[in-house]
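Each chain gets a letter, A, B and so on, in the order its sequence line appears, and its residues count up from 1.
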Amino acid sequence: MDSSSVFANIVRAPEDAILGVTVAYNKDSSPDKLNLGVGAYRTEEGKPLVLKVVRRAEQMLVNDNSRVKEYLPIVGLADFNKLSAKLIFGADSPAIQENRVTTVQCLSGTGSLRVGAEFLARHYHQLTIYIPNPTWGNHTKIFGLAGLSVKAYRYYDPATRGLDFQGLLEDLGAAPSGSIVLLHACAHNPTGVDPTIEQWEQIRQLMRSKGLLPFFDSAYQGFASGNLDADAGSVRMFVADGGECLAAQSYAKNMGLYGERVGALSIVCKTADVASRVESQLKLVIRPMYSNPPIHGASIVATILKDRDMYNEWTVELKAMADRIISMRQQLFDSLSARGTPGDWSHIIKQIGMFTFTGLNTKQVAFMTKEYHIYMTSDGRISMAGLSSRTVPHLTEAIHAAVTRVD
Amino acid sequence: MESLSTKEKTSKDCNGDSVFENVVRAPDVPVYAVMVAYSKDPSPVKLNLGIGVYRTEDGKPHVLNVVRRVEKLLLDDVSATKEYLPITGMAEFNKLSAQLVFGADSPAIKENRVTTVQCLAGCGSLRTGADFLAKHYHQHTVYLSQPTYGNHPNFFLAAGLTLKTYRYYDPITRGLDFQGMLDDLGSAPSGAIVLFQVCSHNPTGVDPTLHQWEQIRQLVRSKGLLPFFDNAYQGIVSGSLDMDVQSVRMFVTDGGECLVAHSYSKIMGLYGERVGALSIVCKTADVASRVESQLKLVIRPIYSNPPIHGAAIVTAILKDREMFDEWTVELKAMINRIIHLRQQLLDALRDRGTPGDWSHITKQVGMYTFSGLNAEQVAFMAEEYHIYMSSDGRINMAGLSAKTVPYLADAIHSAVTRNV
């Protein structure tokens, strides 16, 4: 058994840019440390939250001795799929009623995006996808590895800390006909900058006129405004016009089911027959990945969505989370204003959803981590969900110091 | 300007065919087609022997008592959260899984030469391993046994690897074509990846003896072939968790490298929870650590991190002495039922004087019997007797019961003796 490892030349991969933040945070022994990296909700006490309605649903499921652990179909739990489609497209959506939507259970948002991308790489004629600049760090890898060519469209304007709408329209306008376009349904990650309804309508018209194929990433439905229907407005606009699109849905944040990996990929097609054929091909993508998806998380979701009481209970808890985040925005803004920190910080209350794109540069971020034990991604994105009234002052101090001492 | 009606607006904005108009309807996966046919059959005596899951004597799906117990205990733990697991999964789950497969006293584990990552059952573990090898290993050919589990080729093809087969099953003896196996592996290019099933070979039920495994090991090591083990039935052959993985442990004891895809689907009845692990045994701890960092890059763009629930169940059972013992008792009971059924079926065929040698029924091990029935006979049994199995003649013994053995024996007898 001489000879070296057959893997001797393998290079050590760097830590994931986002998940690596938590790794670094865990290693830090400072009592003042603050994790504003990964987008996971925290209570006012800084604790992870399992929704009460989720615990209730789990109790019901686990105590039901008639439940079994048989393999789900390749496309997942049928109830879950139907209810997920209704959640995002609206229960009265004609597309659903006309059976033009195929929905398959996938592993949260990541899994839904990957399955959709692999499907497109095999069956769609235009293998270029346009993603907003900037976007969630994992998007590029997901689409690239699926075999799509990834290009960017202008999105964030650092000068206004808002939407570069003109740039967006120009770039999508110049895209080859038929290109795929990734759209964040709401609560854009990392910037928190969303188009207005009027802007969405212009985007829709442009895309339809050029035959661009929309691929929605919907990871924050209900988290942006606190209202599930309002937050699905962009997606529903594109379905109402009778056209086609893909939508990746995640229950990680809005039902706090993060680690149970629950999500769904929907493809809205022109006809029921196409939707049926598409579904049959989606199975061929999924089967060689992991055969069939996990039961537990999807069962929790289905239990909640199909029960009137539990659904309502969920919306109340969801709104409470969204409201707490909105209140954190206000508190941080007020705190920086009171501190007299130089700069315009109004984007903190203008941006939407879980994250604030602070505008801090990588040097300032590194400074805040080193001196103040505050962890965030190097692009200056902070998760508002990780803040509390108690920790806002610490963050304010850190930002103030970074902005006044570090270029 | 008057606003356009929805219909007008629709046709104005979205003319034309579906962009997916040319998508061809994919055929159903064969094993699912059998299930569909079975569920559509209205006959009260129908029998589903095509499944790959355990059934009780009453033909019902089976959730282990210890699993139900654990699930309730997990619920009571108010400190448990649903936070994302690390990309590589639950740390304790990984440690315990490695110990289960390699043995708690394995030097490879003690020397930190093993990286274990939680994956989506056996399938996910195989695919992750395949993706990793496609990216980082110099040889892109994978040898699969002839025959093998129907989904095996798909994982490796999807990863971009090239497939070849090695002889395995001898239809004449209904046993192992050992010479053929050695010849084919012997002529494989140096460094080729070889997929082995640790025990309870699916679909044939034919496992090499320990002596044969030793010869295989020597050949594999002399040619620098890279073994990739599929470990989906640990404990299901003999009822002993340690005995059933001796093949793998042999390959680890010699200090060499290998991959192992491990599944809790059958052995803990956790099927739909998708719990498994991929282990890569490396020459050094440093290599193992680098390999693990690269495994994360494979997993993250597929599903980011694995699901909590199933891994939490497994961890609770493996780490508690009492629950572990309870599990092994339930596992043994499942195995014994299958072993009895094998004997009952053999006896029933002998009683009927069914022509042919049916001794393979008790010689083959694990969940499946490779009956030796051909596709025509299989179709006949479905049509005339409403007994369903995969077209290669594989029968899931767990789908049988003492009550239904005579019926199956009648059907086999009929199929084998009818004039074609």
Best-contacting candidate, [options], against chain A by heavy atom pairs under 4.5 angstrom:
options: B:G310, B:P306, B:G272; value: B:G272
options: B:L126, B:T81, B:T284; value: B:T81
options: B:H136, B:K72, B:R68; value: B:R68
options: B:R127, B:E71, B:R25; value: B:R25
options: B:F155, B:Y137, B:Y84, B:Y303; value: B:Y84
options: B:N151, B:L120, B:V53; value: B:N151

Would you confirm whether [X], through its side chain, and [Y], through its main-chain N or O, come within 3.5 Å as a donor-acceptor pair?
X: B:Q118; Y: B:M90; value: yes
X: B:S125; Y: B:A261; value: no
X: A:R277; Y: B:A26; value: no
X: A:R261; Y: A:G297; value: no

In terms of heavy-atom proximity below 4.5 Å to chain B, should [X] be classed as side chain, backbone, both, or neither?
X: A:I267; answer: side chain
X: A:V6; answer: both
X: A:D64; answer: backbone
X: A:L145; answer: side chain
X: A:R100; answer: neither
X: A:N292; answer: both
X: A:E15; answer: side chain

Please determine whether a side-chain nitrogen of the Lys or Arg among [X] and [Y] lies less than 4.0 Å from a carboxylate oxygen of the Asp or Glu.
X: B:R221; Y: B:D254; value: yes
X: A:E45; Y: A:K47; value: no
X: A:E70; Y: B:K60; value: no
X: A:K270; Y: A:E98; value: no

Q) Under 6.0 Å between the ring centres of B:F132 and A:F7? A) yes
Q) Between A:Y124 and A:F215, is the ring centre distance below 6.0 Å? A) no
Toward chain A, the part of [X] with a non-hydrogen atom under 4.5 Å:
X: B:D131; result: neither
X: B:V19; result: both
X: B:I51; result: neither
X: B:A158; result: side chain
X: B:R113; result: neither
X: B:I299; result: neither
X: B:V29; result: side chain
X: B:I87; result: side chain

Under 4.5 Å, counting heavy-atom pairs only, tell me which of [options] racks up the most with chain B.
options: A:G263, A:A275, A:P48, A:G109; answer: A:P48
options: A:S276, A:A252, A:S5; answer: A:S5
options: A:L61, A:V62, A:L107; answer: A:V62
options: A:N65, A:L213, A:N63, A:I142; answer: A:N65
options: A:P14, A:A8, A:G211, A:S108; answer: A:A8
options: A:L284, A:L72, A:V11; answer: A:V11

Q. Does a side chain donor of either A:R67 or A:S299 reach within less than 3.5 Å of an acceptor in the other side chain?
A. yes
(Q) Would you say B:T88 and B:E292 are linked by a side-chain donor-acceptor pair, where the criterion is simply a distance under 3.5 Å? (A) no
Q: Name the orientation class of the two ring planes belonging to B:F156 and B:H152 (parallel below 30°, tilted from 30 to 60°, perpendicular beyond 60°).
A: tilted
Q) For the residue pair A:H296 and B:H309, does the interplanar ring angle fall in the parallel (under 30°), tilted (30 to 60°) or perpendicular (over 60°) class? A)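 Correct class here is parallel.
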With a cut-off of 3.5 Å and sequence neighbours excluded, list every side-chain donor-acceptor pair involving residues 50-57 of chain A.
unit_1	atom_1	unit_2	atom_2	d
A:R55	NH2	B:V78	O	3.3
A:R55	NH2	B:A80	O	3.2
A:R56	NH1	A:E313	OE1	2.3

Q: Applying salt bridge (charged side-chain N to carboxylate O under 4.0 Å, His left out), name anything that partners A:E58, two or more places apart in sequence or on another chain.
A: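 Only B:K82 meet the salt bridge (charged side-chain N to carboxylate O under 4.0 Å, His left out) criterion with A:E58.
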